[in-house]
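Structure, as structure tokens:
Sequential numbering from 1 along the given sequence is applied to the chain's residues.
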Amino acid sequence: MSRVAETFARLKAEERRALIPFVMAGDPDLATTRELLVALARAGADLIEVGVPFSDPVADGPVIQRAGARALRNGVGVARVLEAVNDARAAAADVPVVLFSYFNPLLQFGVERLGAEARAAGVDGVLVTDLPPESAADFASAMRRSGLDSIYLAAPTSTDERLRLIAERASGFIYAVSRAGVTGARAEVSAEAERLVARLRKVSALPVAVGFGISDARQVAEVWRYSDAAVVGSAIVAEIERRAGQPDLVARVADFTRGLLPRG
């Protein structure tokens with residue numbers, strides 16, 4: 001059983017839901033990313049998504065686009081992302097880490113190399129936003145050989161047939177996109193998200209995480225009502241952006257993440 005599966009199984013036994021924060025590796029710099037991974041684990045993160053910067057992030061809104069651009073200016077690529085995860089792993093031993101990437105940088109790095117080096121660095125799974133399950137057989141096989149979970153996006157616009165295909169191909173968990181469009185904080189979570197999770201429950205026993213647009217504890221609590229996990233990305237990345245250059249950035253982001261946990 002993978003570390004992702006073990007985490008969700010433990011949470012289910014404890015009747016709890018997961019909080020999954022997202023950070024862009026290399027924003028504002030790689031040393032801060034290492035510190036953030038440890039701080040987020042200690043602040044209550046059950047899993048952590050780590051973004052791999054890419055020059056054409058078509059699924060991301062302006063906040064994460066800016067973060068990726070800053071990371072690229074810092075010279076951060078796949079190898080350095082894995083170094084950051086490896087450096088943080090000893091202090092965040094039990095928290096699964098999922099790479100959140102586009103296919104181009106992973107292909108340039110080398111798929112077989114990625115599987116081996118990501119596993120050695122302590123990565124537990126990979127989500128490739130622009131690699132649909134119909135085209136992912138070779139990539140998924142390489143990840144499986146290295147013991148990594150392949151996580152896929154499911155959208156409200158996905159047909160039932162496509163949801164069944166995602167269910168067949170996915171491992172670890174399924175990422176349910178709360179609405180059509182790009183990443184970014186929103187005042188309300190779309191009602192489409194709950195309907196999508198219900199549709200996924202009919203075709204898969206895997207845990208379902210909901211992301212895109214979740215930005216505060218109230219929305220986390222709402223999503224936890226019908227899913228297994230809430231993913232918070234843009235709100236955390238925006239907090240990092242606001243605190244850039246401040247000596248207490250890591251502590252402030254950790255406090256913000258704790259504040260995402262619903263009370264009671």
Tell me whether the count of non-hydrogen atoms from other residues, nucleotides or ligands lying under 6.0 Å of [atom1] in [X] goes above 12.
X    : atom1 : result
D160 : CG    : yes
D56  : CG    : yes
E161 : CD    : no

When you measure from the side chain of [X] to the backbone of [Y], do you find a donor-acceptor pair of N or O atoms at a distance under 3.5 Å?
X    : Y    : result
R169 : P133 : yes
R80  : N74  : yes
R34  : D87  : no
D29  : T32  : yes
D149 : I151 : no
E117 : R113 : no
D130 : F103 : yes
R89  : V95  : yes
R17  : S227 : yes
S178 : F212 : yes

Heavy-atom pair with the smallest gap, counting every atom of [X] and [Y]:
X    : Y    : value
P53  : G68  : CB-O, 3.7 Å
V210 : A193 : CG1-CB, 4.1 Å
P96  : D46  : CD-O, 3.2 Å
V177 : L196 : O-CD2, 3.5 Å
A43  : A254 : CB-O, 3.6 Å
A167 : S204 : CB-CB, 3.6 Å

Carefully, step by step, assess E239 and R242 under the rule salt bridge (Lys or Arg N to Asp or Glu O under 4.0 Å).
CA-CA 5 Å; E239 186 70 9; R242 279 193 292 271; 2.5 Å; yes

Do [X] and [Y] belong to the same hydrophobic cluster, where Ile, Leu, Val, Met, Phe, Trp and Tyr are linked whenever their side-chain heavy atoms lie under 4.5 Å apart, directly or via other members?
X    : Y    : result
V203 : I174 : yes
V50  : L72  : no
V38  : L36  : no
L11  : V232 : no

Stepwise side-chain contact (heavy atoms from CB on, under 4.5 Å) check, V231 with I214:
CA-CA 7 Å; V231 182; I214 302 169; 5.7 Å; no

Taking atom [atom1] of [X] and atom [atom2] of [Y], what is their separation to the nearest 0.5 Å?
X    : Y    : atom1 : atom2 : value
L114 : M143 : CG    : CE    : 4.5 Å
R258 : R42  : CZ    : CZ    : 10.0 Å
L99  : L127 : CG    : CG    : 10.0 Å
E241 : S234 : CD    : OG    : 10.5 Å
L40  : F256 : CG    : CZ    : 11.0 Å
L163 : E168 : CG    : CD    : 11.5 Å

Given side chains that start at C-beta, do those of [X] and [Y] come closer than 4.5 Å, heavy atoms only?
X    : Y    : value
P132 : R162 : yes
I64  : P57  : no
V76  : T33  : no
T257 : L19  : yes
L260 : I236 : yes
Y102 : D60  : yes
R10  : R16  : yes
V63  : R66  : yes

Run the side-chain contact (heavy atoms from CB on, under 4.5 Å) check on L131 and L106 step by step: do they pass?
CA-CA 11 Å; L131 184 64; L106 305 185; over 6 Å; no

As a quick check of understanding, evaluate salt bridge (Lys or Arg N to Asp or Glu O under 4.0 Å) for R252 and D255, giving each step before the final call.
CA-CA 5 Å; R252 292 282 190 168; D255 286 343; 5.9 Å; no

Let's go through R201 and D228 carefully: what are the C-alpha distance in whole Å and the side-chain angles of both, what is the deciding distance for salt bridge (Lys or Arg N to Asp or Glu O under 4.0 Å) to 0.1 Å, and is it a yes or a no?
CA-CA 11 Å; R201 300 287 195 209; D228 302 288; 2.7 Å; yes

What orientation do F100 and F22 show, parallel under 30°, tilted 30 to 60°, or perpendicular over 60°?
perpendicular

Is there a side-chain contact (heavy atoms from CB on, under 4.5 Å) between F109 and V52 once you walk through the steps?
CA-CA 12 Å; F109 187 76; V52 176; over 6 Å; no

Carefully, step by step, assess L206 and F8 under the rule side-chain contact (heavy atoms from CB on, under 4.5 Å).
CA-CA 9 Å; L206 285 174; F8 276 111; over 6 Å; no

Test applied, side chain to side chain contact (heavy atoms under 4.5 Å, CB included); reference residue, L37; option that passes from V250, I48, V97
I48

